[in-house]
Amino acid sequence: MLCLRAEQVKMNIHLANKAAIVTGAGRGIGLAIARMLAEAGASLLLVDIDEPALVEAKSALSVNGAKVQTLAGDLTSAGFAEAAVAKLVAEFGSLDIVVNNAGYTWDSVIQKTTDEQFQSMLDIHIVAPFRLLRAASGWIRDAAKKETATGTIVMRKVVNITSISGLDGNPGQAGYSSGKAAVVGLTKTMAKEWGRYNVNVNAVGFGLIDTRLTRPMEDAETSIAIGDRQVQVGMQSQVREQATKMIPLGRVGTPDDAAKAVFFFCSPLSDYVTGEVLVCSGGMHF
Ligand SMILES: NC(=O)c1ccc[n+]([C@@H]2O[C@H](COP(=O)([O-])OP(=O)(O)OC[C@H]3O[C@@H](n4cnc5c(N)ncnc54)[C@H](O)[C@@H]3O)[C@@H](O)[C@H]2O)c1
């Protein structure tokens with residue numbers, strides 16, 4: 001039985017025998033998603049570039065018999081997606097849920113945005129999810145064909161993470177919003193390609209969720225190591241305050257708020273929903 005942490009609502013959603021890969025699972029929203037999947041009984045491969053964060057995440061989630069493995073590395077590096085899929089299948093013998101969540105911001109107005117910066121945003125937000133789904137495609141097709149031959153239907157789940165920045169645009173985020181907008185195209189296309197394999201492919205677009213990406217820049221821990229570079233993330237306090245005032249529900253979201261929307265698309269509750277984008281933003285649009 002899954003206990004949805006915030007409200008202690010009990011739901012009978014079991015994901016035992018489901019093997020899930022969650023990218024960017026070392027902290028923030030990815031960690032909250034992984035926790036919710038683990039509590040529902042799924043076996044997990046956690047992926048992150050930040051190895052110490054992964055070690056902590058694994059120890060936090062490895063309770064009550066949860067099966068948790070990790071793979072540290074940069075999702076944008078060549079061959080990483082194939083290695084991740086191979087590890088998930090080798091560890092758990094299945095591939096049922098893919099959550100493309102890893103990401104970061106590298107903001108500036110367009111005249112200050114370098115080619116490297118723009119390309120980095122496309123690499124992590126759209127190229128990495130594309131590669132992971134391509135790497136998973138052979139296994140998914142073979143499994144679905146075998147299941148169909150025996151008259152069984154097994155629904156598999158892909159959830160891609162986007163942002164209201166990708167849906168509505170946001171000044172200072174030409175690269176980020178372009179990558180996040182592309183996620184919608186990939187989601188809708190894969191929903192059409194993989195419907196025949198019984199895969200639900202959906203996206204969740206977040207507004208302002210309280211993680212390292214949105215904390216006031218004065219806070220510690222608002223920079224992220226990517227390759228040799230430290231990229232400044234976080235928001236200016238004043239911008240964060242103004243954005244918070246635009247949220248109809250009146251508060252910044254928590255990682256658990258965000259994870260619940262993703263969990264819907266990982267669960268049988270969404271078995272007849274595909275190609276959709278669910279906005280989880282407390283009602284905010286830019
Ligand atoms: N926080 C928000 O308000 C918000 C809003 C809209 C969308 N999002 C999206 O939600 C997702 C999760 O973000 P978050 O807010 O939890 O941020 P976060 O920084 O707390 O977590 C993101 C994780 O992704 C990992 N990561 C980044 N680049 C990676 C790479 N190249 N390879 C492997 N791992 C990598 C980081 O190490 C980190 O642990 C991102 O895709 C982000 O763009 C967040």
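Owing to the predicted nature of the structure, the values given are computational and were not obtained by experimental measurement. Whatever order the structure lists ligands and atoms in, that order sets their numbers, starting from 1.
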What does the contact table look like for ligand 1 (nitrogen or oxygen on each side, cut-off under 3.5 Å)?
unit_1	atom_1	unit_2	atom_2	d
ligand 1	1 (N)	I209	O	3.1
ligand 1	1 (N)	T211	OG1	3.1
ligand 1	3 (O)	G207	O	3.2
ligand 1	3 (O)	I209	N	2.7
ligand 1	3 (O)	I209	O	3.3
ligand 1	15 (O)	T211	OG1	2.6
ligand 1	16 (O)	I29	N	2.8
ligand 1	19 (O)	R212	NE	3.2
ligand 1	19 (O)	R212	NH2	3.2
ligand 1	31 (N)	D74	OD1	2.8
ligand 1	32 (N)	L75	N	3.0
ligand 1	34 (N)	I49	N	3.1
ligand 1	37 (O)	D48	OD1	2.5
ligand 1	39 (O)	R27	NH1	2.9
ligand 1	39 (O)	D48	OD1	3.2
ligand 1	39 (O)	D48	OD2	2.6
ligand 1	41 (O)	N101	O	2.7
ligand 1	41 (O)	K180	NZ	2.8
ligand 1	43 (O)	Y176	OH	2.6
ligand 1	43 (O)	K180	NZ	3.3

- Message: Tell me every residue that passes salt bridge (charged side-chain N to carboxylate O under 4.0 Å, His left out) with R141, counting only those two or more places apart in sequence or in another chain.
- Response: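 Scan of R141 (salt bridge (charged side-chain N to carboxylate O under 4.0 Å, His left out), adjacent residues dropped) gives none.
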
Is a side-chain donor-acceptor pair under 3.5 Å present for [Y] with [X]?
| X | Y | answer |
| --- | --- | --- |
| D74 | T76 | yes |
| E91 | S43 | no |
| D115 | Q119 | no |

- Query: With sequence neighbours left out, which residue pairs that include part of residues 118-160 fulfil the ring pair (Phe, Tyr, Trp, His ring centres under 6.0 Å) condition?
  - Reply: H125-Y176

- Message: Tell me every residue that passes side chain to side chain contact (heavy atoms under 4.5 Å, CB included) with K192, counting only those two or more places apart in sequence or in another chain.
- Response: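 Side chain to side chain contact (heavy atoms under 4.5 Å, CB included) list for K192, sorted by chain: empty.
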
